[in-house]
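Written out below as structure tokens is the structure these notes cover.
Residues take their numbers from the sequence shown, with the count starting at 1.
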Amino acid sequence: MLKIPENETKVTFDGIFLKCLSFNSVEQRDEVMQVVKGGAVSNLLKAVPIPKMFHAKQEFPKDRIEPEDIPPLIYRELSKPGFGSKIRPGMQIAITAGSRGIRNVDIITKAVVDFVKSKGAVPFIVPAMGSHGGADAQGQKDMLAGFGITEETMGCGIRSSMEVVKLGISDTGRTVYMDKNAYGSDGIIVSCRIKPHNAFRGRVESGICKMMTVGLGKQKGAEEVHSDGMNRIAENIPSMAKVVLGKAPILFAIPCMENAYDETCRIEAVAPEEILTREPELLKFAFSNMPSILVGSADVLVVDEIGKNYSGTGTDPNITGTFSTPYATGGLQVQRTCFLRLSEVSHGNALGVGLASCITKAIFDRIDTGAMYPNCVTSTVIRSAMIPVVVATEKEAVSLCIRTLNQADKNHVRMVRIPNSLHISQIMLSEAYYKKAANHEFRGLEALDRPASLTFDEQERLATPYLTG
């Protein structure tokens, strides 16, 4: 009879007992996982040939707003008729701040705070990030601190709470919630970024409406939005946004958009009565500025680092092609993908690992399920949190992807390496791409050097640097 220890939960699937483990330490987890260098897997992978690679530069449209120009631009936008005039002395004004790695988010947020102060009102910041930060008030405040948003740097209070109030029922039958602090304010300014979502397509995706319903809805609101599945979220978000606009004190929105280099390129104030019509237009602009991996397809994709600061799913699938649902497509067409490291700012939230073919033990050891699971439980998209193949080193991760390729020429593997999914102006490509790159057959892509062997350090960490400048 199978013995289930106290720290295990027994689950039955088709008559088979499965064990769902919870570990008290990394050492206890390692006893079960047995991910060690030099074992059977290492022996299978040690002779896998890794292709030579070269550095390549990708060129995209470069329109951008310099960081020092952001505060005066925001002041001008909010000084337009119908915006700043809504803010009167003494009003308590809630300003949203999300969990994504938005470029210049600290500068943008501080500029909005300062504008509110210039009107004699009292601003405060509300973390608007649904269930992120472990669905915990302090966890969400900690996430903002990682982006440089603190009470000291912003010069105003941060009111972080998971308490919500019920606003009503949408025409799609979903209950709409809102952060209690924001709802109790005299006015809400929705500061956010508009960009394509990583799991669905719709008239509005990641942007103002999502910030109002998912972000400000906290865990309960986020769960309601996602409860019908990703095939219905494109209907739920605008439907629920109508309830927010009708019941909550939304003053206006101030969304930003970014270019292909992860740089701020547009900021525009949007009146509440125009949000549902203007946001779809701004989403088209955001789509037109998305970067891409210009070779289009590959056998293997190597992502140096993943994290919540790059995408809700660790990497942006609009770039990498690693979608968690069938309701969105695009990005690189690739057979195998490996993730090598997890960013510090993710605080153990490795959501998205389930979209890789394999990950390193370094990522696995840093996973904090308490930070990762609330997000997938709330969104109902559990694939992103599933654990893929775990290997001992970065070199083994690359080797496993190559070794397990199907119907590919393993003597001429088409391999792409990127630092992360936000910064792809410089990438590395395997020798199989070199002739076409040197002949300028990939529009916007330039080979910077000739193919050479990748280098790994004594711990088999990928050590070949990207070029500077």
Step by step, work out the side-chain contact (heavy atoms from CB on, under 4.5 Å) result for I293 and V334. CA-CA 11 Å; I293 298 174; V334 64; over 6 Å; no
Could you walk me through whether I233 and V225 pass side-chain contact (heavy atoms from CB on, under 4.5 Å), step by step? CA-CA 6 Å; I233 195 171; V225 173; 3.6 Å; yes
Decide yes or no on salt bridge (charged side-chain N to carboxylate O under 4.0 Å, His left out) for E258 and K195, but give the supporting numbers first. CA-CA 8 Å; E258 294 171 346; K195 68 173 296 185; 5.8 Å; no
Given D262 and H423, is the side chain to side chain donor-acceptor pair (under 3.5 Å) satisfied, shown in steps? CA-CA 7 Å; D262 181 37; H423 306 108; 3.1 Å; yes
Verdict with supporting geometry, M154 and I125, side-chain contact (heavy atoms from CB on, under 4.5 Å): CA-CA 9 Å; M154 296 296 105; I125 294 168; 3.4 Å; yes
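Counting only heavy atoms from C-beta outward, the side chains of L454 and M428 approach each other to under 4.5 Å. Using a 4.5 Å heavy-atom cutoff, the side chains of I267 and I254 are in contact. Proximity of E223 to S131: side-chain heavy atoms (C-beta onward) are nowhere separated by under 4.5 Å. Inter-residue side-chain proximity for Y466 and D304 is flagged as met; some heavy-atom pair is nearer than 4.5 Å. The shortest distance between side-chain heavy atoms of V35 and F364 does not fall below 4.5 Å. Residues P374 and Q219 have side chains not in contact (no heavy-atom distance under 4.5 Å, counting atoms from C-beta outward). Side chains of M290 and P196 form a contact here, defined as non-hydrogen atoms less than 4.5 Å apart. Side-chain contact between F456 and T393: absent, with no pair of heavy atoms (C-beta onward) separated by less than 4.5 Å.
Under the 3.5 Å distance criterion, the side-chain polar atoms of S384 are left unmatched by any main-chain donor or acceptor of T313. Formation of a donor-acceptor pair under 3.5 Å by the S357 side chain with backbone atoms of C338 is not found in this model. A donor-acceptor pair under 3.5 Å is formed between the side chain of Y261 and the backbone N or O of F60. For the pair N259 (side chain) and D63 (backbone), a donor-acceptor distance under 3.5 Å is present. The backbone N or O of P127 sits less than 3.5 Å from a side-chain atom of K218, completing a donor-acceptor pair. Under the 3.5 Å distance criterion, the side-chain polar atoms of H226 are left unmatched by any main-chain donor or acceptor of C376. Put simply, the side chain of Q58 gets close to the backbone of I424: a donor and an acceptor are under 3.5 Å apart. Side chain of T360 to backbone of L340: a donor-acceptor contact under 3.5 angstrom is found. T96 places no side-chain N or O within 3.5 Å of a backbone atom of V126 that could act as its donor or acceptor partner. With hydrogens and angles ignored, the 3.5 Å screen pairs a side-chain donor or acceptor of N439 with a backbone N or O of K435.
A cation-pi contact links R266 to F285, judged by a cut-off of 6.0 Å to the six-membered ring centre and 45° from its axis.
Between R403 and E396 there is no salt bridge, since none of the side-chain N atoms of the basic residue sits less than 4.0 Å from a carboxylate O of the acidic one. Under the 4.0 Å criterion applied to side-chain N and carboxylate O atoms, R174 and D228 are assigned as salt-bridge partners. Classification of E151 and K141 as a salt-bridged pair holds, one side-chain N sitting under 4.0 Å from a carboxylate O. Here E205 pairs with R201 in a salt bridge; the nearest charged N to carboxylate O distance falls below 4.0 Å.
For the residue pair T464/T455, the side-chain donor-acceptor check at 3.5 Å is satisfied. Judged by distance alone, the side chains of T264 and N104 do bring a donor and an acceptor atom under 3.5 Å apart. Donor-acceptor pairing under 3.5 Å is lacking for the side chains of Q140 and S160. With 3.5 Å as the limit, one finds a donor-acceptor pair spanning the side chains of R336 and T404.
Counting all heavy atoms, side chain and backbone alike, M178 lies closest to V244 at CE-CG1, 3.5 Å. Of all non-hydrogen atoms in E224 and Y177, the two that sit nearest each other are CG-CE1, 3.8 Å.
In this structure, R103 CZ and N309 CG are separated by 11.5 Å, a value rounded to the nearest 0.5 Å.
Applying the salt bridge (Lys or Arg N to Asp or Glu O under 4.0 Å) test between E394 and each of R341, R417, R461 identifies R341 as the sole match.
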